2 protein chains.
Amino acid sequence: MFSFSEENYLKAIFHLERKYQAGVSTNALAEEMETKASSVTDMIKKLSEKELVIYKKYQGVKLSELGNKTAIKVIRKHRLWEYFLVEKLDFNWDEVHDIAEQLEHIKSEKLTQELDKFLGFPKRDPHGDPIPDAQGNFSVANKMLLAELDKAEKGICVGVKDSSSEFLRFLDKNNISLGKEIKVLEKEAFDGSMLILIEERELRISQLISNNLYIKTQ
Amino acid sequence: MFSFSEENYLKAIFHLERKYQAGVSTNALAEEMETKASSVTDMIKKLSEKELVIYKKYQGVKLSELGNKTAIKVIRKHRLWEYFLVEKLDFNWDEVHDIAEQLEHIKSEKLTQELDKFLGFPKRDPHGDPIPDAQGNFSVANKMLLAELDKAEKGICVGVKDSSSEFLRFLDKNNISLGKEIKVLEKEAFDGSMLILIEERELRISQLISNNLYIKTQ
DNA sequence: AAATAAATTTAGATTAGTCTAAAAATAGGT
DNA sequence: ACCTATTTTTAGACTAATCTAAATTTATTT
Ligand SMILES: [Mn+2]
Ligand SMILES: [Mn+2]
Ligand SMILES: [Mn+2]
Ligand SMILES: [Mn+2]
């Protein structure tokens, strides 16, 4: 149906649309895709001809209904495979993204559905991101950033905003993982760092960390 | 490392080498790859530059040590994924080849090893073909074609030579599957057909069928 | 309202993989 | 040994996806 490259562009536009509802600029897309703006223009034209995106010259780009549906299918496969790798093949959560980048392009509706069934229809991937169901619906969670919590508040760690392996390994090293309760003991106004309590251990974390951890409060 | 197309050529050369030990001809490869001889020549040159094949103009092509190793890795992945699809995702044996054609190109040594472990280090794929181990070793079975059996001889069905979905569905329809015992009741010299006994049922099959079923005699 | 800066598009080139048509090499038959 | 048929290679073209450099459009500043 669509090429790997086309699917990757659609996925990138989908993610950037959360940030720029008015339309995704050529440069933003070029940065996300780690390519040149001229290449992006070329690809956008092709996607536009295939009616996957709405595009007017110099006005940025948006996904069409079809483009949106297609992007969600790719994201669904990406996250199902990540879940598979962690839950069935014992991969660590920092090792799965690059392999899922390949697996997300495998074309077979039946494979996706059977994999979903085999995994027990998981709702979230190893990084806490929602896995769209077969109809493309995401389950939304009312999560917030740890950095937004006030002193003495607590919540359950439910996801990461940055899912780079560097950040994930930092969390592993400090025994922070999804499902654990975190309580804010102190907040330092000067540098935004905070002292947290996690599993009876006290830990000081910088604002960079608390800004990339999602928390669900009861 | 190598492109999908390069890997597919290596795999095709590997399979054709079983038939033409002296070297695989351009035309044979073109037919196997469903492409034109001129395209094959171009690709062979590239594979030759990359030292994956031994090639002398007009003399056909053979896999180098590296080419052989690479082809076996692709075949290993293909057959492991086929096993996964049948054993874990409940696919029928006639539905898995095309998906495995995609999955065999996923690049991750760790994925292959973990998948192998998860599956319990299977020795044969759903069609009875051997799955090479991590070192590239195939387990050889002393199988023969059902057509070669004489009247009153019997054996266990261990594989298919033709693994097209048409043939596999024919076998399904006639309740023939791997692991079952088959006894030759009669052989008709005129058309090569035979009457067989399988699970207390008598069945007449044409030579085309008996020529594509592998049997292991005790 | 210009002038300047930034963003975007166009023009032209490149690489991988394919094709058709023509040329060259090899193999077979007499 | 020569002629012919077959096989293989070469030449030139095409598409997808990318790039650099130049041109154009839009945005911002004075
Ligand atoms: Mn990922
Ligand atoms: Mn993820
Ligand atoms: Mn197969
Ligand atoms: Mn097989």
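First the proteins, then the strands, lettered A, B, ... as listed; each starts at 1. This structure is a prediction, so every number in the text was calculated from the model and none was measured.
For the pair A:M33 CE and D:dC19 C1', the interatomic distance rounds to 15 Å; values are reported in whole Å. Per the geometry, CG belonging to B:L47 stands 12 Å off P belonging to C:dA16, to the nearest Å. If you measure from atom CD1 of A:I44 to atom C1' of D:dT18, you get 15 Å, rounded to the nearest angstrom. Nucleotide C:dT26 holds its C1' atom 15 Å from the NZ atom of B:K56, rounded to whole Å. Residue B:L29 contributes atom CG, which lies 14 Å from atom C1' of D:dT7 at whole-angstrom precision. The CE-P distance, from A:M43 to D:dT15, rounds to 16 Å in whole Å. With rounding to whole Å, B:D42 atom CG is found 13 Å from C:dT20 atom P. The interatomic distance linking A:N8 (CG) with D:dA16 (P) rounds to 17 Å, in whole Å.
For B:S38, the side-chain atoms get nearest to D:dA11 when compared with the rest of C:dT18, D:dA11, D:dC19. In the set C:dT9, D:dT18, D:dT10, the nucleotide with an atom closest to the side chain of B:T41 is D:dT10.
Within the cation-pi definition used here (under 6.0 Å to the ring centroid, within 45° of the axis), B:R18 qualifies as a partner of B:F14. By the 6.0 Å and 45° rule, B:K88 stacks over the aromatic ring of B:F118.
For B:S25 and D:dT7, a side-chain-to-base donor-acceptor distance below 3.5 Å is absent, hydrogens and geometry of angles not being considered.
The shortest distance between the side-chain N/O atoms of B:N27 and the OP1/OP2 oxygens of D:dT8 is below 4.0 Å. Distances shown here put a side-chain N or O of A:S5 below 4.0 Å from the OP1 or OP2 atom of D:dT18. At D:dT20, one or more side-chain N or O atoms of A:K36 fall inside 4.0 Å of OP1 or OP2 (strictly under the cut-off). Proximity of A:Y9 to the phosphate of D:dT18: a side-chain N or O atom is located under 4.0 Å from OP1 or OP2.
When heavy atoms are screened at a 4.0 angstrom cut-off, A:S39 is found touching base atoms of the nucleic acid. Backbone-only contact: A:Y55 has heavy atoms under 4.0 Å from sugar-phosphate atoms and none from a base. In this structure, B:K45 reaches the sugar-phosphate backbone alone: every heavy-atom distance under 4.0 Å involves primed, P, OP1 or OP2 atoms, never a base.
Remark: the B:E32 side chain and the B:H15 side chain contain no N/O donor-acceptor pair separated by less than 3.5 Å.
Using a 4.0 Å cut-off between a side-chain N of Lys or Arg and a carboxylate O of Asp or Glu, A:E188 and A:R204 do not qualify as a salt bridge. A salt bridge is defined here as a Lys NZ or Arg NE, NH1 or NH2 lying under 4.0 Å from an Asp or Glu carboxylate O, and B:K117 with B:E114 meets this definition. Note on B:K107 versus B:E7: salt bridge recorded, some NZ/NE/NH1/NH2 to OD/OE distance being below 4.0 Å. B:E153 and B:K187 are not joined by a salt bridge, as no carboxylate oxygen comes within less than 4.0 angstrom of a charged side-chain nitrogen.
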Give me the distances for all protein-to-nucleotides 22-29 of chain D N/O pairs that come in under 3.5 Å?
residue: D:dT25; atom: O4'; partner: A:Y58; partner atom: OH; Å: 3.2

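The environment of CD in B:E31 is sparse: at most 12 heavy-atom neighbours from other residues, nucleotides or ligands sit within 6.0 Å.
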